[in-house]
Amino acid sequence: MFRMISNRQIADAFDLLADLLRLKDAEGYRFEIIAYQRVAEALRELPRDVRALAAEGRLQEIDGVGKAIAAKILELLEHGTLRLLEELKAEVPQGLVDVLRVNGVGPKRAMLFYQQLGITSVAELEAAAREGKLRTLPGMGAKSEQKILESIAALARRTTRARADIALQAAERILRALQALPNVLRAEIAGSLRRGRATIGDIDLLVATHTPAPIMDAFVNHPDVVRVLAQGETKSSVELLSGLQCDLRAVPPERFGTALSYFTGSQAHNIRLRELALQRGLSLNEWAFTATDGSGREILCASEEEVYAQLDLPYIPPELREDRGEIEAAQANALPNLIEISHIRA
DNA sequence: AGGCAGTACTG
DNA sequence: CAGTAC
DNA sequence: GCCT
């Protein structure tokens with residue numbers, strides 16, 4: 001019989017597998033990494049016990065689970081471990097997985113730090129940065145070193161995801177300030193916060209404007225901002241008082257619909273929309289639909305309704321955009337009616 | 001067998 | 001440009 | 001790695 005092992009534990013194993021592969025050779029295992037991460041996410045959302053599914057021989061019905069991953073799940077259920085995982089752990093120190101969580105440190109740098117300085121933990125990374133050792137490495141300088149120190153501090157400030165209600169308050173404060181600026185035609189919350197998720201990792205904001213520069217300026221200078229992570233013409237990123245990261249993108253108003261759709265996600269939902277677009281001879285990104293026939297012809301959408309209309313779909317509310325059947329439901333014109341506060345009476 | 005997204009910011 | 005993040 |  002199978003061991004006591006939860007869906008979550010299996011998901012964690014696949015995430016670990018993905019991270020270790022990333023450290024070993026991110027490019028070489030690019031698609032395997034994505035595959036493992038997809039399955040990890042699917043397992044966390046799975047409403048059923050994987051063991052029951054496995055007992056029925058139906059593992060491959062899980063999204064993203066094929067023959068190889070099904071075998072790995074069975075291996076986990078039977079032995080509690082994965083041979084592949086153990087082998088990788090022997091090659092790559094597990095502590096490096098935490099180092100990957102530091103902003104600005106990806107697999108290349110994590111391995112560089114490990115091989116050149118023997119760093120295998122965030123604590124060691126912090127010590128090395130304080131001692132000015134990182135700047136001696138190729139491609140690193142005093143500034144990168146400082147950034148890493150700040151990222152480690154930020155990591156300590158927010159270990160868990162934020163509750164949506166807390167994040168919403170923080171988001172609305174910024175949003176109001178943006179809306180009050182001249183030349184801001186629209187400003188909206190995007191991301192998981194807009195999708196109504198219970199917890200969120202960061203705040204995504206979107207503005208429509210023809211003059212992004214002064215808006216980005218105002219954004220990074222908002223009183224709630226404690227640190228500017230990045231600032232560009234169309235995209236800036238800050239850390240707020242709450243420790244939350246907040247990203248702002250600026251797009252011209254005639255492209256606001258595609259942008260809002262894109263940045264609202266979820267990623268899985270976006271992938272499905274892109275597929276539908278491709279079937280219609282169009283590629284879809286945050287800026288527009290673009291004809292794939294080489295003409296470069298663009299179809300601009302100022303509203304999300306236009307985006308869905310272009311794909312012959314009824315409008316799908318953000319709360320449903322998780323690729324959990326909403327596309328099919330929309331195609332069948334059978335979207336569930338969401339319950340709104342106004343629908344509830346005492 | 002071939003696709004799997006593509007763009008923006010930093011140093 | 002490489003590396004990173006979304 | 002999985003999917004079409």
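Note that this is a predicted model, so its numbers are computed, not measured. Labels below follow one simple rule: chain letters A, B, ... track the order of the sequence lines, proteins then strands, and each chain is numbered from 1.
- The ring-ring contact (aromatic ring centres under 6.0 Å, His included) contacts involving residues 21-51 of chain A comprise A:F14-A:Y36, where partners must be two or more places apart or lie in separate chains.
- Applying the side chain to side chain donor-acceptor pair (under 3.5 Å) criterion to A:K24, with sequence neighbours excluded, gives A:E91.
- Protein chain A contacts DNA chain D from D:dG1 to D:dC3, reading 5' to 3' and using non-hydrogen atoms of the protein with a distance under 4.0 Å.
- A distance of about 25 Å separates the C1' atoms of D:dG1 and B:dT7, rounded to the whole Å.
- For the pair A:D25 CG and C:dG3 P, the interatomic distance rounds to 12 Å; values are reported in whole Å.
- To the nearest angstrom, P of C:dT4 lies 12 Å from CD1 of A:I33.
- For A:D202, the salt bridge (Lys or Arg N to Asp or Glu O under 4.0 Å) criterion is met by no residue, not counting sequence neighbours.
- Straight-line distance from the CG atom of A:D19 to the P atom of C:dA5: 12 Å, rounded to whole Å.
- In this structure, A:Q245 reaches the sugar-phosphate backbone alone: every heavy-atom distance under 4.0 Å involves primed, P, OP1 or OP2 atoms, never a base.
- Counting non-hydrogen atoms under 4.0 angstrom, A:V102 reaches the backbone sugars and phosphates but no base.
- Annotation: side chain to side chain donor-acceptor pair (under 3.5 Å) contacts of A:T199 (sequence neighbours excluded): A:R161.
- With sequence neighbours excluded, the residues forming a ring-ring contact (aromatic ring centres under 6.0 Å, His included) with A:Y315 are A:Y308, listed by chain and number.
- Residues meeting the side chain to side chain donor-acceptor pair (under 3.5 Å) test with A:R195, sequence neighbours left out: A:E322.
- Within the structure, every side-chain polar atom (N or O) of A:N103 is placed at least 4.0 Å from both OP1 and OP2 of C:dT4.
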- Item | Contact letters for nucleotides 4-11 of chain B, in which S counts primed atoms plus P, OP1 and OP2 and B counts the base, heavy atoms under 4.0 Å | BB-SSSSS
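- Within the 4.5 Å cutoff, the side chain of A:E304 has heavy atoms near those of the A:T264 side chain.
- A search for side-chain contact (heavy atoms from CB on, under 4.5 Å) contacts involving A:A277 returns A:L282, A:L284, A:F289, A:L311, not counting sequence neighbours.
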- Under the rule of Watson-Crick or G-U wobble with both distances under 3.5 Å, where | means paired to another strand and [ ] a crossing pair, DNA chain B maps to ||||.||||||
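- Counting Ile, Leu, Val, Met, Phe, Trp and Tyr side chains that sit under 4.5 Å apart, directly or through other members, A:L278 stands alone, with no cluster partners.
- Rounded to a whole Å, the CD1 atom of A:I203 is 18 Å from the C1' atom of C:dA5.
- Whole-Å rounding puts the A:R101 CZ to C:dA5 C1' distance at 13 Å.
- Here A:V105 lies in heavy-atom contact (under 4.0 Å) with sugar-phosphate atoms only.
- Under 3.5 Å, the side chains of A:Q231 and A:D217 contain a donor-acceptor pair of N or O atoms.
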Output a table of donor-acceptor pairs, distance under 3.5 Å, between side-chain atoms of residues 169-180 of chain A and any protein atom two or more places apart or on a different chain; print 'none' if there are none.
| residue | atom | partner | partner atom | Å |
| --- | --- | --- | --- | --- |
| A:R173 | NE | A:D224 | OD2 | 2.6 |
| A:R173 | NH2 | A:D224 | OD1 | 2.8 |
| A:R173 | NH2 | A:D224 | OD2 | 3.3 |
| A:Q179 | NE2 | A:A187 | O | 3.2 |

